[in-house]
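Small disclaimer: the values here were computed from a predicted structure and weren't measured. Labels below follow one simple rule: chain letters A, B, ... track the order of the sequence lines, proteins then strands, and each chain is numbered from 1.
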Protein chains: 4
Amino acid sequence: MATPVYSGAARTPQRGRPRDASRDDALRQAALEVMAEVGYRALTMDAVAARARAGKATIYRRWESKLDLVIDTCTQLAQRNLAEPDTGSLAGDLREFLSAFAAFLSGPIGKAAQALVGELPHEPELATAFRDTFLIAQRDVLRRILDRADERGELRANAPRGMAVEIAGAALIYRLMLTGDPLDLPFVDRVVDQVLLPLVAEGQ
Amino acid sequence: MATPVYSGAARTPQRGRPRDASRDDALRQAALEVMAEVGYRALTMDAVAARARAGKATIYRRWESKLDLVIDTCTQLAQRNLAEPDTGSLAGDLREFLSAFAAFLSGPIGKAAQALVGELPHEPELATAFRDTFLIAQRDVLRRILDRADERGELRANAPRGMAVEIAGAALIYRLMLTGDPLDLPFVDRVVDQVLLPLVAEGQ
Amino acid sequence: MATPVYSGAARTPQRGRPRDASRDDALRQAALEVMAEVGYRALTMDAVAARARAGKATIYRRWESKLDLVIDTCTQLAQRNLAEPDTGSLAGDLREFLSAFAAFLSGPIGKAAQALVGELPHEPELATAFRDTFLIAQRDVLRRILDRADERGELRANAPRGMAVEIAGAALIYRLMLTGDPLDLPFVDRVVDQVLLPLVAEGQ
Amino acid sequence: MATPVYSGAARTPQRGRPRDASRDDALRQAALEVMAEVGYRALTMDAVAARARAGKATIYRRWESKLDLVIDTCTQLAQRNLAEPDTGSLAGDLREFLSAFAAFLSGPIGKAAQALVGELPHEPELATAFRDTFLIAQRDVLRRILDRADERGELRANAPRGMAVEIAGAALIYRLMLTGDPLDLPFVDRVVDQVLLPLVAEGQ
DNA sequence: CGTTAAACGAGACGGTACGTCGAGTCTTTCG
DNA sequence: CGAAAGACTCGACGTACCGTCTCGTTTAACG
């Protein structure tokens, strides 16, 4: 799940015609376009296949379901868009990362991600995959930002890093998915200044 | 939307057989049971009708769609489960309200709510309805808790109440819907002690 | 099979919306048109449904399969086109009936019937249905023609009526389905004069 | 069509690996087995290829279609099973040939042949091929039987030989394909004695 | 004897139709 | 008239074959 299933990891000689790897991208691209146009719910496999000029079997050969296709398409994009900042200060790093993340979530991927979240309770495998890619990647960046701040002596002793990481993600996701309020720079600044820095930084 | 549509506000003398109001609850109950068993996605109108021994038309006469039925079922329950605490202290009120809210979300309603969240980006009316009931109700309670604390002199001057309300909800929802970590008492305590009280309470 | 399956013979009071009988004919008509245009093999249920502006489920509710639909359509027509002649003489009756039957088979129904014949070996139920309607109807007419001739004293004693009936049908079907030679009047005359009358008529 | 298409009659020098002629028989054998098991309709090229452990391309290199493969398989068998009798008498020759033909048709080839007949109306090329092999071969044998009887003076003057040939084939095929009654010896005897001999033999 | 071109098994590819299922609507009968 | 039952249209589902197209490998005949 979550990535195209190639038929067996270490296939001995490779029998038959090999999968055309360029179809993977064409199909992901088609999925992204359709999803941007009509949303996750109204996305149909027929539409994706038609847009990519592919047969439906070609999709089902690589992904088990619509969900599997969509989450793979999203995580693929997420990994390319979560650059790790290094401005030299905790406040700078947080601001830069969170605003980049907010911008990323405000685009079409944000809507797709939200749709996926709706499926998590009924699809444990999807939930695992989602957490192992989408969430972990973002949390690890935050964790490393805090580690570097600690090395520079910017953190309080016993600063609750886990809580800081959690609150940072929660604040953004909550706005995105629940309240619908804008994920803009002023909001990011307020989260950093009012909540995160007081929580972990020395001398606040 | 969101509540049963009774056929015209000021129906003149009221001709024919009146709607059987007890069917509303029977249908909501059936919807809840089916959703608890198979989840939102796999819930079908036929299944709900069959379980309530009702015709599908009877459902559509009251709710416009599957989503409408589900959100009404959920908000109905939410309103009955969000009691407003008054322990006499800010910490006590927060702890009590958030732990009650966490317990509520940990049940079947939590899963249903999460499913609804997945639909919000593509259904503006649903989003409005969801925010006007689910969210507002919960935020208003928090806001009043803060107001009472202020009257007792427990709040700092210029305490960022809006941010506190937002972070409180975000922390719970994020765990529930994204990370899947447990919404237990220790977590609630940590949110209150490490994040909320430092954010707004006097003398921290 | 072979006729629209109405849901249970002696249904107690008849609950729910009844089948719309006019859809039967609309669907049969659509099937006939499509079959005339593209043949049996290329006839698809989608095409029939689209032409009748019906859902596929509506077809499958009445007939179990494409074959079932087609044979019902054909036998329906067969029963309306096998008029029984009564000219007063054996030769006249035979000539009239066989030429009418030949004309009937030369039309689109002939091709459809031939397609059905190809399915008989693998579908025992279909074979039974086909024989009980298509064949029996035609053979009964021939048998009655011979009976009336016997009453008029036109038949030889011990005339092999069964063989006569069989040869009459065989001669036409063989031309239609195997050789493809025309089923015209001269051929019918030769079958009657050279084969059938010598076989059964007195004084030949 | 109808026989394996070897790639061009006068191929200049013959380059590359030559066709493996043993695959022809293996594929025909596989086709026959599959057809015997599931019938013509349900026979798929994939199944034939799998049973013969061949690639589909190997089949399509030799036959243009499923139909082409099947008709070739059948005519191949037909040509080996239509021995020409010479008993010295018309009645004997007819009896021997028709009973051999009946036995042949009663086996699995009979079912396959019937399936092919169902395709004739929509496939003119197939019809031509079928008639030029299956039909002509059988009719020629009958014609030669009548010729030899004529040379022996057994035939009436002006005996309708064409009609006799047609009726002989028709009687058998009609039973086989339409009525499903058994093609046994008594039936053959009755056809010969009651219909064919009276039609053409001297002094009946 | 090495080159080379076609045949071979395998299986992916774009298509088309399948038969089923769910949605939302419509049409009966019964109370 | 309301409500239960269930037929209706529509459209997507995931599967199965079709006939074609690569692949990597094998096998003769040519040079």
Side-chain angles (χ1 to χ4, degrees), chain A residues 7 13-23 42-47 49-50 52-62 64-66, chain B residues 7 14-20 23 41-47 49-50 52-67, chain C residues 7 11-23 42-50 52-62 64-66, chain D residues 7 11 13-21 23 42-50 52-62 64-66:
Chain A
S7 31
Q14 157 69 308
R15 319 242 308 153
R17 177 175 175 176
R19 295 265 172 85
D20 181 347
S22 75
R23 304 315 283 139
L43 175 147
T44 68
M45 295 305 240
D46 289 271
R53 285 203 128 265
K56 276 195 288 181
T58 300
I59 304 182
Y60 284 106
R61 218 172 274 127
R62 291 149 198 265
E64 292 182 354
S65 65
K66 164 177 159 178
Chain B
S7 33
Q14 166 68 300
R15 313 243 309 146
R17 175 175 174 181
R19 288 258 177 90
D20 180 349
R23 305 311 285 140
R41 282 288 298 278
L43 174 148
T44 70
M45 296 305 246
D46 291 87
R53 283 198 122 315
K56 275 196 291 179
T58 301
I59 304 181
Y60 282 104
R61 221 172 273 126
R62 291 151 198 261
W63 296 278
E64 292 184 352
S65 66
K66 164 177 161 177
L67 234 90
Chain C
S7 31
R11 292 279 302 295
T12 12
Q14 158 71 311
R15 316 254 304 155
R17 176 177 177 176
R19 295 266 171 85
D20 181 347
S22 74
R23 304 314 282 137
L43 175 147
T44 68
M45 296 305 241
D46 290 271
V48 174
R53 279 203 130 266
K56 276 193 289 180
T58 300
I59 304 182
Y60 284 105
R61 219 175 272 124
R62 291 148 198 265
E64 292 183 351
S65 65
K66 164 178 160 177
Chain D
S7 32
R11 291 281 303 296
Q14 161 67 310
R15 313 256 304 154
R17 176 176 174 177
R19 293 265 172 84
D20 180 348
R23 302 316 281 140
L43 175 147
T44 69
M45 295 305 244
D46 290 87
V48 174
R53 287 202 127 271
K56 278 196 289 181
T58 300
I59 303 182
Y60 282 106
R61 220 172 273 126
R62 292 150 199 262
E64 291 183 353
S65 66
K66 165 177 158 177

> For a quick test of reading the model, state the closest non-hydrogen atom pair linking Arg23(C) to Ala52(C) and the distance between them.
NH2-O, 2.8 Å

> Between Arg62(B) (CZ) and dG2(F) (P), how many Å, whole number?
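Distance check: Arg62(B) CZ to dG2(F) P gives 10 Å.
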
> Going from OG1 on Thr44(D) to NZ on Lys66(D), what distance comes out if it is rounded to the nearest 0.5 angstrom?
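Here the rounded value is 7.5 Å.
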
> Going by the rule salt bridge (Lys or Arg N to Asp or Glu O under 4.0 Å), which residues pair with Lys56(C) if we only count those two or more places apart in sequence or in a different chain?
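Counting only residues at least two positions away or on another chain, Lys56(C) forms a salt bridge (Lys or Arg N to Asp or Glu O under 4.0 Å) with Asp46(C).
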
> If I compare all heavy atoms of Ala49(C) with all of Gly55(C), which pair ends up nearest, and what's the gap?
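For Ala49(C) versus Gly55(C), the nearest heavy atoms are CB-C, 4.3 Å.
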
> Going 5' to 3' along nucleotides 14-21 of chain E, which nucleotides have protein heavy atoms under 4.0 Å from the base (write B), which only from the sugar-phosphate (write S), and which from neither (write -)?
BB-SBBB-

> Measure the angle between the two terminal helix axes of the helix from dC1(E)-dG31(F) to dG31(E)-dC1(F), five base pairs each, and quote it to 10°.
10°

> Under 4.0 Å from OP1 or OP2 of dA29(F): is there any side-chain N or O of Arg15(D) that close?
no

> Taking only residues two or more places apart in sequence, or in another chain, which ones meet Arg53(A) in a side chain to side chain contact (heavy atoms under 4.5 Å, CB included)?
none

> Just how far, in rounded Å, is C1' of dA12(F) from CD1 of Ile59(A)?
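Going from Ile59(A) (CD1) to dA12(F) (C1'), I get 13 Å.
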
> Does Pro18(C) or Pro18(D) map to a spot on DNA chain F nearer the 5' end, using the closest nucleotide for each?
Pro18(C)

> Only counting residues at least two apart or in another chain, list the ones meeting salt bridge (Lys or Arg N to Asp or Glu O under 4.0 Å) with Arg17(A).
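For Arg17(A) there are no salt bridge (Lys or Arg N to Asp or Glu O under 4.0 Å) partners, ignoring immediate neighbours.
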
> Determine: side-chain N/O of Arg17(C) to OP1/OP2 of dT27(E), distance under 4.0 Å, yes or no.
no

